[in-house]
2 protein chains.
Amino acid sequence: MHPFDEAIRLQAAGPATPDVFTGVSSPAYWNMVGPFGGTTTAIALQAVLQHPALLGEPLSITVNFAAAVGPGEFRLVARPLRTNRSTQHWFIEMTQADAEGGQSLLMSATAVTAVRRKTWGQSDSPMPAVPLPQDCSPAGYPDSLAWTQRYDMRVARGDLPRLMDGSGEDSLSRLWLRDNPARPLDFAALSAMADAFYPRIWLRRARLVPAGTVSVTVYFHAGAAELARSGQGYLLGQAQAQTFQQGFFDQAVQLWNEAGALLATSHQIVYFKE
Amino acid sequence: MHPFDEAIRLQAAGPATPDVFTGVSSPAYWNMVGPFGGTTTAIALQAVLQHPALLGEPLSITVNFAAAVGPGEFRLVARPLRTNRSTQHWFIEMTQADAEGGQSLLMSATAVTAVRRKTWGQSDSPMPAVPLPQDCSPAGYPDSLAWTQRYDMRVARGDLPRLMDGSGEDSLSRLWLRDNPARPLDFAALSAMADAFYPRIWLRRARLVPAGTVSVTVYFHAGAAELARSGQGYLLGQAQAQTFQQGFFDQAVQLWNEAGALLATSHQIVYFKE
């Protein structure tokens with residue numbers, strides 16, 4: 001089984017409680033103090049996708065990270081709040097057992113799933129021109145982070161600065177990425193990749209300050225069939241911040257497939273120190 | 001009382017149920033089939049701001065619109081899900097009585113409030129150069145929409161096309177806006193203004209197709225003191241889409257005050273027909 005499928009594998013609690021799932025934190029995607037946040041987003045989405053009442057496909061998901069996910073088992077509750085003719089509204093919570101035997105909230109999320117229809121279409125965000133993946137350098141992450149080994153990342157610009165010397169000038173990164181080992185693209189993988197960009201402040205300041213995502217939103221602009229057509233190819237990801245103020249900054253992301261289709265856009269608000 | 005304060009006025013149900021509030025839909029902000037969505041966002045935020053357990057100030061809010069809000073009374077439940085040292089996570093639901101005497105879900109939302117701290121800061125999104133408000137034309141909305149009369153909007157570019165003749169070329173609008181009558185800026189007003197841009201597809205296509213926001217997220221980049229310093233001045237708002245696909249498009253918004261501070265950024269995913 002691919003490590004990503006293992007990371008997002010959920011066990012349904014049973015037909016009497018269709019909203020409840022359990023899973024196990026993946027050491028293969030470990031970040032500094034918990035699993036890579038992208039897997040947490042993908043897990044929230046996966047609960048929706050596995051829910052027997054699901055209508056349509058993912059349109060948007062917003063994940064709020066309330067506490068670090070620990071090792072071991074976690075619990076998810078994914079509730080369909082309202083089902084319309086072509087949209088469905090979801091609330092998702094992730095918890096883990098605490099020392100007192102209760103459940104402690106780690107993450108809350110909302111999602112909207114929807115039935116896509118054939119309409120007029122137009123993309124006004126063409127993929128930026130960058131060198132081919134084989135002509136870009138592998139991302140310069142330390143080997144000590146497990147999750148970065150789970151992605152094949154080829155950086156066209158905005159790699160993690162080698163010298164954290166305060167010399168940063170902008171916050172723009174462009175890089176090719178795909179699962180490592182390669183894996184056919186689907187909504188869960190795409191939602192995780194939307195979070196696969198290190199905190200923009202490290203680039204903007206060329207300083208390694210403490211930082212962590214507080215809330216992330218992903219909009220999906222393609223259906224399952226188009227994601228499947230992207231296969232195991234690379235996505236081109238672009239990430240950039242607009243402003244850094246009083247302990248928080250934003251981070252905007254676009255993800256195109258190799259054919260140049262904009263598959264997802266994403267935004268997050270990130271905590272930083274100093 | 002200012003019509004905006006009336007529109008977001010909430011009655012706490014009482015000390016035994018601190019999460020529960022009621023309010024009344026505002027005819028003064030009526031849009032086509034319900035109140036202007038910006039007031040719904042502001043109402044969700046207002047419930048958090050009035051909650052006795054509130055920690056800090058708004059950092060982010062995501063509102064999912066599940067059904068049109070009708071006239072008359074509505075009910076809000078705003079639950080603090082988890083309170084950390086400097087952040088607090090919220091879930092908010094808005095309902096109205098249905099024909100069977102139950103409550104029907106109209107809107108679900110999550111929000112994060114946070115304590116802002118003095119840190120290094122930098123804005124990389126300077127306010128675009130546009131003519132002064134007095135040198136811009138009032139927005140060309142039909143008088144039949146109540147909510148558009150509640151804003152003083154001066155358009156620098158990207159006004160609602162006069163001829164809906166399919167001649168559109170881009171989706172970029174820049175306009176000055178403030179409450180009408182003027183009102184000191186606060187978080188609730190700012191959250192409403194983030195949604196005060198007509199659907200981008202009307203501009204991109206120069207065609208008036210059915211469209212409505214499904215989900216909107218607002219990130220706040222300033223504290224209450226800075227909002228207060230903006231006073232009753234105009235904000236410069238910018239709105240633009242990235243892509244239109246299979247019945248949905250995105251819309252990104254920035255809001256600066258007259259001094260050029262980026263106070264909020266916002267994103268939404270919008271349904272459209274045809």
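Remember, predicted model here, so these are calculated numbers, not experimental data. In what follows, every heavy atom counts, from backbone to side chain, and hydrogens, waters and symmetry copies are set aside.
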I'd like to know if the side chain of B:Asn64 reaches the main chain of A:Val112, judged simply by a donor and an acceptor atom lying under 3.5 Å from each other, with no hydrogens or angles considered.
no

d(A:Thr265 OG1, B:Ile269 CD1) to nearest 0.5 Å is 6.5 Å

Is chain B contacted by the side chain of A:Thr217, its backbone, both, or neither, given a heavy-atom distance below 4.5 Å?
both

Does B:Glu274 reach the side chain of A:Thr119, with side-chain heavy atoms less than 4.5 Å apart?
no

Run the side chain to side chain contact (heavy atoms under 4.5 Å, CB included) check on A:Tyr219 and B:His267 step by step: do they pass?
CA-CA 10 Å; A:Tyr219 296 147; B:His267 307 278; 3.8 Å; yes

Are any of the side-chain heavy atoms of A:Asp124 and B:Asp170 separated by less than 4.5 Å?
no

Side-chain heavy atoms of B:Ser104 within contact of A:Arg82, under 4.5 Å:
yes

How are the rings of B:Phe272 and A:Trp120 set relative to one another: parallel (under 30°), tilted (30 to 60°) or perpendicular (over 60°)?
perpendicular

Greatest number of heavy atom pairs closer than 4.5 Å to chain A - which of B:Leu262, B:Ile201, B:Leu105
B:Leu105

Minimum heavy-atom separation for A:Asn84 to B:Ala66, with atom names?
ND2-O, 2.7 Å

Would you say the side-chain atoms of A:Tyr271 pair up with the backbone N or O of B:Thr87, donor to acceptor, closer than 3.5 Å?
no

Does the side chain of A:Gln122 reach to within under 4.5 Å of the side chain of B:Thr243, using non-hydrogen atoms?
no

Under a 4.5 Å heavy-atom cut-off, does chain B meet the side chain of A:His89, its backbone, both or neither?
side chain

Contact between B:Gln246 and A:Arg117 at the side-chain level, heavy atoms closer than 4.5 Å - yes or no?
no

Flag the one option from A:Val214, A:Val115, A:Val209 with the top tally of heavy-atom pairs under 4.5 Å to chain B.
A:Val214

Most heavy-atom pairs under 4.5 angstrom with chain A, which of B:Ala252, B:Ser123, B:Gly121, B:Gly223?
B:Ser123

Please determine, among A:Arg205, A:Gln88, A:Arg116, the option with the most heavy-atom pairs under 4.5 Å with chain B.
A:Arg205

Is it the backbone or the side chain of B:Gln254 that comes under 4.5 Å from a heavy atom of chain A, or both, or neither?
side chain

Contact part of A:Ser215 toward chain B, heavy-atom cut-off under 4.5 Å: side chain, backbone, both or neither?
both

Between A:Thr83, A:Asp250, A:Leu106, which has the largest tally of heavy atom pairs under 4.5 Å with chain B?
A:Asp250

Tell me, for A:Glu93 versus chain B, whether the close heavy atoms (under 4.5 Å) come from the side chain, the backbone, both or neither.
side chain

